[in-house]
There are 2 protein chains.
Amino acid sequence: MVQFVMLQAPPRKDTRERLLEAAEAAVLAKGFAATSIDELIAAVGITKSGFFYHFKDKADLAKAMMLRYLEQDKALLDSLFDRADELNEDPLHGFLVGLKMFAEMMANLPANYPGCLAASFAYQDTLFNREVCALNAEGMLAWRRRFRERFERIAERYPPRIPADLDTLADTAYTLAEGGLILNRVLKDPTILPRQILQFRDFVRLLFAPAG
Amino acid sequence: MVQFVMLQAPPRKDTRERLLEAAEAAVLAKGFAATSIDELIAAVGITKSGFFYHFKDKADLAKAMMLRYLEQDKALLDSLFDRADELNEDPLHGFLVGLKMFAEMMANLPANYPGCLAASFAYQDTLFNREVCALNAEGMLAWRRRFRERFERIAERYPPRIPADLDTLADTAYTLAEGGLILNRVLKDPTILPRQILQFRDFVRLLFAPAG
DNA sequence: AACAAACTGTACCATGAGTCAAGTTGCACG
DNA sequence: CGTGCAACTTGACTCATGGTACAGTTTGTT
């Protein structure tokens, strides 16, 4: 009696992660609602039930995507500005270095569908429950806190040339990032976002650096 | 024999426009794919076949939405900056007035789902055909041209304090608008975008206005 | 009376979310 | 060594929805 064993692929530990990866690419390309579970499992090579083993339902997938995004986002910012701080004792110079590195990083984004889940989710927010929306908001507030803290240290040593609202200044980073990604994408010109960031850097320098 | 006549509502000439209006609200809330034709006709009070009288298919609806958006967008910018120009002979002062009016307008957006179709479509671009995407890009380039022209006139009379790329400067308007709308929406704080614009205004003044 | 514009009613079919019961594999523990 | 459990996967199924086609109907206009 012949036995067909091992036709089944061996269980892979990273299936969940690969699903999230495929989902992110698809959602950035066409949105959450248009991203079908069928296409995700086809990309990863499992069956539908396999998907529902990893995620309770599609809403659960959304939440996992958001968490993954926030994690990566935090890691990115950490690596960027903590390193810039180490290199420079002066808060203004350290920040300017950080912004330059940020611009360079944004210039080297993956070519295919660069974009930000936060923005994609923002424009489809009625599809998600309160929890996911709150996570998104929390991510933005984290940027604000992080940047605001730095501007406070800078303003302490270098009084701004004109009155400046530090929260607004802090939000500019995220604002330019989201807006720049949209322009990048629609105009198919990856230089737009980095140039916006470098221009913001000019503004910061103009605002805080002693005249001369 | 009883006859039930006139159960059918009389044909309304603005049905198409009302469909587009409902579609815009729905798309800004949950995206294009999640917006069903069923819900649109329910909102407007016609049947499915009525919808397909007005639009060949869903792609046709997308195109019409984009055209409508571009038209309104152009009208808004026209009314804004043409008026600011009339009021002021000096290009820099006129522009600063225009930016202030822009900020005020953005502070008084409709409360429900303020947002921009351009951004929503950008993050679902694989759903649309080349034509619609090209229209979107054309809208952005129109902003760039418009602002760049103004910055050229300003720079002619007021040499910038530091070297500035006028295209980048011009793109900042759209970038801040798109990014700011996203922050507004996620953080549920309608003051973010206007504050970003006013800060940009400060930058422009700092950049071009004679020191003193 | 005729015709076009603005619809209605009905039916079709693909897709997509989610369910269920069952199977397999690797690993921990007695 | 084997037994048992948890992680992982399969396949076949249901059920609702959504886009689309098409033929007929009403209304306003000439």
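Letters A, B, ... are given to chains in the order of the sequence lines, protein chains preceding strands, and every chain is numbered from 1.
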**Study point:** ring-ring contact (aromatic ring centres under 6.0 Å, His included) partners of F147(B), counting only residues at least two apart
**Key:** F81(B), F95(B), W143(B)

Exercise for review: Using distance alone, with no hydrogens and no angle criterion, decide if S36(A) and D38(A) have a side-chain donor and acceptor under 3.5 Å apart.
Suggested key: no

Please list each protein N or O that sits under 3.5 Å from an N or O in nucleotides 18-21 of chain D, with the distance.
residue, atom, partner, partner atom, Å
dG18(D), OP2, D38(B), OD2, 3.4
dG19(D), OP1, K58(B), NZ, 2.9
dG19(D), OP2, I37(B), N, 2.9
dG19(D), N7, K48(B), NZ, 2.7
dT20(D), OP2, K58(B), N, 3.2

Review point. Given atom CZ of F55(A) and atom C1' of dA17(C), what is their separation to the nearest angstrom?
Key: 15 Å

Check your understanding: Can the ring centroids of F200(A) and F203(B) be said to lie less than 6.0 angstrom from one another?
Key -> no

Practice item. Figure out the CG/P separation between D60(A) and dG18(C), and round it to whole Å. Key: 10 Å

**Study point:** dT9(D) phosphate, OP1 or OP2, under 4.0 Å from Y53(A) side-chain N/O
**Key:** no

Check your understanding: Are L141(B) and R146(B) side-chain neighbours, meaning at least one heavy-atom pair lies under 4.5 Å?
Key -> no

Exercise for review: Could you tell me the separation between the CD1 atom of I46(A) and the C1' atom of dT25(C), rounded to a whole number of Å?
Suggested key: 16 Å

Study note, to complete from the structure: In whole angstroms, the gap separating C1' of dA17(C) from CZ of F51(A) amounts to 10 Å

Check your understanding: At under 4.0 Å, does any side-chain N or O of T15(A) touch on OP1 or OP2 of dT9(D)?
Key -> yes

Review point. So which of L169(A), T175(A), L176(A) actually passes side chain to side chain contact (heavy atoms under 4.5 Å, CB included) with Q196(B)?
Key: T175(A)

Practice item. May I ask you to check whether Y123(A) and Y123(B) place their ring centres under 6.0 Å from each other? Key: no

Check your understanding: Can a side chain N or O of H54(A) be found less than 4.0 Å away from OP1 or OP2 on dT9(D)?
Key -> yes

